[in-house]
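This report refers to the structure that appears directly beneath it.
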Amino acid sequence: MTSDETSTRCADGFAGDESTRQVGLLDLMRLLRPYRGTTVVAALLALTASALGLAQPMLAGAVIDGVRAGQPVSGFALALAALFVAQILLDTTGRYLLERIGEDVGLGLRRRLVHRLLRIRIDVLDRHRIGDLISRAGNDTTVLRDTATRTVVDIVIGAATVCGATVLMLLLDPVVFMVVVIVFVVAAGGVGLVLDRIRQAGEQAQNAVGTFAADLERGLSALRTIRIHRAEDAETDRIGRSAQKAYAAGIRGARLSATATPAAQLAATGSFLVVLVIGGTRVASGDLPLGDLVALLLYAVYLVVPLGTMLEGITVAKRALGALQRVDDALHLPTEPVEPAVPAITRIADSAAPPPAVLRFDDVHFSYDGRPALRGISFALPPGSRTAVVGPSGAGKSTILALICRFRDPDSGRIEFLGRPATELTRAQCRAMTGLVEQDAPVLHGTVRDNLALAAPGASDDAMWRAFRQANLHEFVANLPHGLDTQLGEHGARMSGGERQRLAIARALLARPSLLLLDEPTASLDTVNERLVVAALDQLPDDCAVLIVTHRLTTVRHADTILVVDHGRLAASGTHDDLLRSCGRYQRLLAGHPGDDVRGHHRRAGAGPVTTPLRRSGPDRLRPPARRRSPFAAPAGEPSCCGTPTTRCG
């Protein structure tokens with residue numbers, strides 16, 4: 001790979017993730033391998049049509065010579081007409097098959113890309129622009145769909161036709177043939193000088209289009225933010241600059257292609273004129289029969305047109321290699337390891353002896369590119385427990401969730417699910433027992449049913465309504481115009497933030513997880529919606545452990561155990577009242593949220609705990625298991641850290 005190509009691909013953001021393999025024309029031809037049967041049939045039809053075309057000049061010459069000699073030519077004329085009709089029928093059928101193969105190639109590439117992109121590692125996805133990946137699956141595959149069959153097969157058929165016309169011209173008049181060869185060599189040399197540059201320009205143009213698509217996706221996904229800040233003009237200019245770069249890259253490719261086009265025209269026009277002038281001179285001198293001259297002129301056309309098509313096809317193929325390179329790079333992005341299909345682990349509700357912990361971290365370490373994110377984290381979540389994780393930004397809270405979901409694997413330490421090491425389980429088994437409610441609670445385009453069926457495709461309507469009741473969303477869905485079949489709009493635009501959060505909770509609960517993870521479920525909600533979400537959490541099954549990453553006091557204070565994470569370490573753990581009395585770090589975290597009455601709760605905690613084991617009586621209360629203490633809870637008034645008394649909580 002040249003340094004220019006390397007810099008182009010690095011600028012596109014794929015350096016380090018993609019394969020460094022450079023694709024070529026053979027890779028373009030390999031796209032037809034799954035359809036080789038149909039391709040062979042189509043090619044044979046086209047070759048047969050080409051052969052019929054090659055026979056026509058000989059018959060035309062025989063007709064002319066017969067007329068000049070006064071001989072009957074009706075048989076030759078009928079044969080010529082029959083060959084012409086047969087050629088049209090065969091060529092039409094072959095071209096239809098090739099167009100269909102092109103659609104098959106596009107469909108196959110898109111399916112492979114979708115399969116790959118939905119399985120790439122999360123850390124790899126985080127380093128790439130979504131819009132550019134979408135462009136590879138859309139725009140680039142369209143280019144290859146239009147190129148793969150037309151260009152590749154045209155080159156093959158053109159080569160066969162050129163070979164046939166060459167042999168026949170050589171038999172008719174070697175002198176004229178040699179002059180035509182010289183013209184074609186000059187034309188081919190002109191095209192060869194720019195082919196490599198055409199390929200590079202094509203890849204740059206496709207990259208520029210991908211960047212434009214990514215910039216447009218960025219603007220549309222944040223359209224409300226852009227509007228409220230009156231930044232339409234600024235974003236229009238910025239996206240317009242991306243469009244300008246795509247335009248400039250296209251112009252460079254067009255300039256190079258325009259350089260190759262006159263060479264093909266030279267081959268076409270020059271060859272015909274050479275045959276006409278030299279052949280006409282030889283006819284005038286009596287060295288060449290008139291019928292042979294007519295045949296030579298027709299063969300010149302049969303030679304020129306396929307050869308011109310070949311030169312143009314090679315030029316187009318070189319430009320298409322840029323799209324193929326981008327698709328090939330995406331198809332080589334690292335994915336999660338392929339794991340065997342194994343049965344799901346028995347759920348807690350279905351097991352005779354529930355395990356002591358749904359989840360356990362034991363001295364877990366993790367780093368991002370050598371930068372420590374977790375340093376020896378240890379904790380356990382018993383069935384039915386409610387655990388909150390708090391800490392400043394960058395403390396490692398999101399990393400804990402990523403490790404639990406198996407989006408990433410720890411550098412060292414041990415993670416257990418239901419008493420079994422994560423390394424002995426597949427990712428699918430771990431995720432089957434885990435539900436995740438993300439902070440932005442993504443809602444997919446489609447109906448309410450579509451969004452819930454994502455978690456359990458075979459779920460019945462009764463199961464969905466049960467999940468809605470548990471998520472405190474059943475009244476909202478019941479009042480929708482079409483119930484479960486109501487369209488929710490792009491990204492759930494027709495729902496409030498609280499409704500999206502509760503829909504995400506219902507989706508997670510539909511799969512009956514043993515562990516429910518919530519990432520800042522109430523961070524951006526008002527008091528009313530926060531109470532509805534908290535009330536929904538109060539409806540969770542008794543055997544479902546909950547881990548909540550949050551900063552809100554109203555959510556934190558009702559947890560069985562609160563884990564205070566700082567700089568990747570578990571700094572303290574205990575109940576809200578215990579930590580509020582004894583942990584200055586916890587007090588400062590809550591003090592950073594002025595909407596929460598930290599001082600009032602601190603005074604009540606100092607006078608003695610006022611929070612009692614919570615039950616289902618309060619709509620805004622989380623219910624911990626009755627009279628069950630956390631495995632890390634210390635004696636009253638003394639918070640603990642990883643099961644030992646905390647001595648440093650400043």
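Atom set for the values below is all heavy atoms of this structure, side chains included, hydrogens, waters and symmetry mates excluded. One-based numbering along the sequence shown.
To the nearest 0.5 angstrom, L324 atom CG is 6.0 Å from L28 atom CG. Separation of atoms CG (L125) and CD1 (I130) is listed at 4.5 Å; rounding is to 0.5 Å. Separation of atoms CG (L454) and CG (D450) is listed at 9.5 Å; rounding is to 0.5 Å. Taking OG1 from T141 and CZ from R136, the interatomic distance works out to 12.0 Å, rounded to the nearest 0.5 Å. Atom OG1 of T335 is separated from atom CG of L117 by 10.5 Å, given to the nearest 0.5 angstrom. We find the CD-CG distance between Q325 and D140 to be 11.0 Å, quoted to the nearest 0.5 Å.
R507 places no side-chain N or O within 3.5 Å of a backbone atom of A455 that could act as its donor or acceptor partner. Side-chain atoms of R36 come within 3.5 Å of backbone N or O of R33 as a donor-acceptor pair. R119 contributes a side-chain N or O that, together with a main-chain N or O of H115, makes up a donor-acceptor pair within less than 3.5 Å.
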Worked verdict on I134 versus N139 for side-chain contact (heavy atoms from CB on, under 4.5 Å): CA-CA 8 Å; I134 294 174; N139 182 65; over 6 Å; no
Trace of the side-chain contact (heavy atoms from CB on, under 4.5 Å) decision for T38 with R100: CA-CA 9 Å; T38 309; R100 182 167 180 171; over 6 Å; no
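Residues A42 and L98 come closest through the heavy atom pair CB-CD2, 3.7 Å. The two residues I101 and L32 come nearest to each other via the heavy atoms CG2-CD2, 3.9 Å. Summarising the geometry of A320 relative to L144, their closest heavy-atom pair is O-CD2, 3.7 Å, with the distance given to 0.1 Å. A pairwise comparison of heavy atoms in V105 and Y35 identifies CG2-CE1, 3.8 Å as the closest pair. Closest approach of V448 to G483, counting heavy atoms only: CG2-O, 3.9 Å. Taking all atoms of both residues into account, the shortest heavy-atom contact from L510 to A463 is CD1-O, 3.5 Å.
Counting non-hydrogen atoms of other residues, nucleotides and ligands closer than 6.0 Å to CG of D126 gives a total above 12. No more than 12 heavy atoms of other residues, nucleotides or ligands lie within 6.0 Å of CZ in R112, so this atom counts as exposed by the packing criterion.
By the 4.0 Å N-to-carboxylate-O rule, R431 lies too far from E339 to be salt-bridged with it. Classification of R30 and D27 as a salt-bridged pair holds, one side-chain N sitting under 4.0 Å from a carboxylate O.
No hydrogens or angles considered: a donor-acceptor pair under 3.5 Å links the side chains of R110 and T142. Judged purely by distance below 3.5 Å, without hydrogens or angles, the side chains of S135 and D132 never pair a donor atom with an acceptor atom.
D461 places a side-chain heavy atom less than 4.5 Å from the side chain of R449. Counting heavy atoms from C-beta outward, T48 and L45 have side chains that stay 4.5 Å or more apart. For the pair H128 and L333, the minimum side-chain heavy-atom distance is below 4.5 Å. At a threshold of 4.5 Å between non-hydrogen side-chain atoms, the residues L484 and V477 count as touching.
Paired with L90 under the rule side chain to side chain contact (heavy atoms under 4.5 Å, CB included), one option of L44, L47, L52, V85 passes, and it is L52.
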